[in-house]
Amino acid sequence: MLSLLQKAARAGLGLLHRPLARAFGPVENPLNHLGALIIFFCWIVLISGIWLLIFFRTSVSGAFESLEYLTYEQWYLGGIMRSLHRYASDAAIAALFVHIVKEFAFDTYRLKRWFSWVTGVPLVWMIFVLGITGYWLVWDELAQYVAITSAELLDRLPIFTDSMAGNFLSDAAMSDRFFTLMAFLHLVGLPIFLVFGIWLHVFRLTRPSITPPRRLMAGTLLCMLVLSFVFPAVSQDKADLATATQSVDLDWFYLHMYPLVQAGSPGLVWLLLVGISCLICLAPWLPPGQMAEAAIVDLENCNGCQRCADDCPFGAIQMQARTDGRKYEQEAVVDSDLCARCGICVGSCPTATPFRSRGSLIPGIDLPELTAADMRGTIQSVAETLTGNSRILSFSCSGSSTAATLRKAGEAVVEVKCMGQLPPPFLDFILSRDLADAILLTGCSDGRCRYRFGTHWTEDRITRKRDPRLRKRIDEDRICRAWEDYPEYQGSVMKQLAAMRKSLPHKADDDEATAA
Ligand code: HEM
Ligand code: SF4
Ligand code: SF4
């Protein structure tokens, strides 16, 4: 059931991915920077909000007029800031929704990776309450509707002794003190909690991506500016508590639950909101699963170089003073509660080399589920099945759709947990020992790697920008990389493979032999 839902979510994202990749290119694709985009939209909201605050009057009588002044008299700046404030808030909700779907679809929230997921839930609540209190402050008919419906919702909770709805019986009953409280929540209280919440959300991740690429920021800001000029955000009629609101234009991004309060009941809405939130909080353990053993350090082989700690995407490795009396200063220690079992640390360990002739292959750090020795054994046995003069050995991340496609096409495939698990000396080993003529590495595009940095580190290691670097004696062109894992790109991976086979120097001899 879970995997079916995830498959459906991946297919949905695949539909979005294609046009976005075409419009923005692979690096700037917004789907690969959703968390960072939400933060960028929050920045726009904050900066435009500061401008609005300078002119805003926090009183029942002054709020509406001060916003009218900004919208019509100061349309060229205040009006644009108001529109940017609204559109960036809406964009944050849209990005938030896709962010949640994406983390779910690619299974990056389960078991040991529960922390970012669970801390995301209060963020959703905060963003919604921020938006709702924002609409309240405009004090137009929509604000009146929001205020009355919110009061009905709050009255359903057994925490207030007086009826909240009583505040909205007449303009006289609506006090400036209450209005100032809303303004405080919207302008100070909630933003402070949101900043803290975002920090908490990402603090366990190494190098969290909190800034989108510049061109993506410029592009989205430009879109919002154009939207602000063409469809400026305006107020609806001024609130008048003496008359009931007939019809209001809702912002469906923030207020989609509000019609349910009237159509159903406040109790039903609370049940839905609390129920969905609890379900999301429990999702990392639904169904409960068992994780394989965490990465283990072998002190005999660890020289304390710190590369594994630098490369681990989940901050699961700490360096500590040597405990075994050997000449090195430090040793690596794995926190099994943080370890996502990706194997990227094995890919970065200088002692993970398959060239060892004596003793078994035990690197400084290894993944018990799929050890470096297992990888070498599988590579050797799969390579033996290769025949002909254009032998290509393919690598895929475990369970990826590319692995299935390649196998179906009869290709020789070795699966690793994450492409970042494969240390560059293994590539050297395959080519220099003539186990294959070329290698195809496949995996997710950068920014979408299930283990965050697998693709990035692999690319950097092969292009010799990051240790452990691919040795110079190896021709980089014999290692083809296909970084795309959505089902609709499988055709292009196969095309890349065919082109590679054709370009191999042996191919010409092979063809001649076949012709003869
Ligand atoms: C204000 C709202 C949010 C912001 C600004 C935000 C931002 C981020 C950022 C910057 C990252 C790190 C991306 C990276 O470098 O790999 C991230 C990761 C993540 N977020 Fe959010 N997020 C928000 C809400 C949520 C929500 C509501 C959920 C789910 C309920 C969620 C689930 C996750 C998960 C599962 C990860 C990946 C953690 C991992 O790789 O282990 N986020 N988010
Ligand atoms: S397996 Fe992955 S998460 Fe665990 S220690 Fe190694 S790099 Fe970090
Ligand atoms: S990369 Fe290997 S040798 Fe270096 S600290 Fe980590 S386990 Fe030890």
Side-chain angles (χ1 to χ4, degrees), residues 32-42 92-93 95-97 99-104 106-110 112-127 130 194-195 197-199 201-212 277 280-281 283-284 292-299 301-319 328 330-336 338-352 363-370 417-418 420-421 423 447-454 457 467-468:
N32 295 343
H33 305 280
L34 289 162
L37 268 178
I38 305 172
I39 294 175
F40 175 59
F41 295 143
C42 288
I93 291 289
L96 182 61
F97 176 72
H99 179 53
I100 299 172
V101 173
K102 188 185 146 195
E103 301 302 334
F104 168 75
F106 292 99
D107 207 34
T108 55
Y109 67 100
R110 279 183 51 73
K112 300 287 179 193
R113 289 171 82 176
W114 62 273
F115 190 80
S116 293
W117 179 266
V118 174
T119 52
V121 178
L123 289 180
V124 178
W125 278 83
M126 277 186 248
I127 289 199
L130 257 170
L194 186 68
V195 170
I198 294 176
W199 170 80
H201 183 63
V202 296
F203 104 104
R204 272 170 64 158
L205 299 176
T206 311
R207 303 179 186 83
S209 151
I210 51 170
T211 318
S277 301
I280 296 180
C281 280
E293 233 183 295
I296 42 170
V297 175
D298 182 74
L299 283 186
N301 289 288
C302 171
N303 61 25
C305 69
Q306 204 178 322
R307 281 185 202 163
C308 55
D310 286 344
D311 283 5
C312 172
F314 304 99
I317 304 175
Q318 298 299 322
M319 300 306 295
Y328 307 109
Q330 293 187 301
E331 65 186 31
V333 188
V334 176
D335 180 341
S336 72
L338 297 180
C339 174
R341 285 70 168 156
C342 61
I344 287 177
C345 48
V346 182
S348 56
C349 185
T351 63
I365 194 160
D366 212 350
L367 200 63
E369 192 183 344
L370 177 63
K417 273 297 293 250
C418 168
Q421 188 188 7
R448 236 207 51 236
C449 169
R450 184 172 169 201
Y451 294 109
R452 304 186 64 234
F453 300 143
W457 293 163
D467 286 327

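Numbering of residues begins at 1 and proceeds along the displayed sequence. We count ligands from 1, going down the list as the structure has it; atoms in each ligand are counted the same way. What you see below is based on every heavy atom in this structure, not just the backbone, and it leaves out hydrogens, waters and symmetry mates.
Here Cys312 reaches atom 8 (Fe) of ligand 2: one of its N/O/S atoms is less than 2.8 Å from the metal.
Look at Val297 and you'll find every heavy atom at least 4.0 Å from all atoms of ligand 3. Look at Ala294 and you'll find every heavy atom at least 4.0 Å from all atoms of ligand 2. Ligand 1 has Phe314 within reach: a non-hydrogen atom of the residue lies less than 4.0 Å from it. Heavy-atom separations between Met319 and ligand 3 include at least one value shorter than 4.0 Å.
If you look at Leu34 next to ligand 1, there are no close heavy atoms at all, none under 4.0 Å.
Annotation for ligand 3: atoms under 4.0 Å from non-hydrogen atoms of Pro350 are 1 (S). The atoms of ligand 3 that sit less than 4.0 Å from any heavy atom of Cys308 are 1 (S), 5 (S), 6 (Fe), 7 (S). The distance from ligand 3 to the heavy atoms of Gly364 drops below 4.0 Å at these ligand atoms: 7 (S).
Of all protein heavy atoms, the one closest to atom 18 (C) of ligand 1 is His99 CE1, 3.8 Å. Considering only non-hydrogen protein atoms, atom 8 (Fe) of ligand 3 sits nearest to Cys302 SG, 2.4 Å.
Residue Arg113 has at least one N or O atom closer than 3.5 Å to an N or O atom of ligand 1. For the pair Trp117 and ligand 1, the shortest N or O to N or O distance does not fall below 3.5 Å. In terms of polar-atom proximity, His201 is counted as a contact of ligand 1, with an N or O under 3.5 Å from an N or O of the ligand. Taking any N or O of Tyr109, backbone or side chain, none lies under 3.5 Å from an N or O belonging to ligand 1. Taking distance alone, with nitrogen or oxygen atoms compared against 3.5 Å, Glu103 stays at or beyond that limit from ligand 1.
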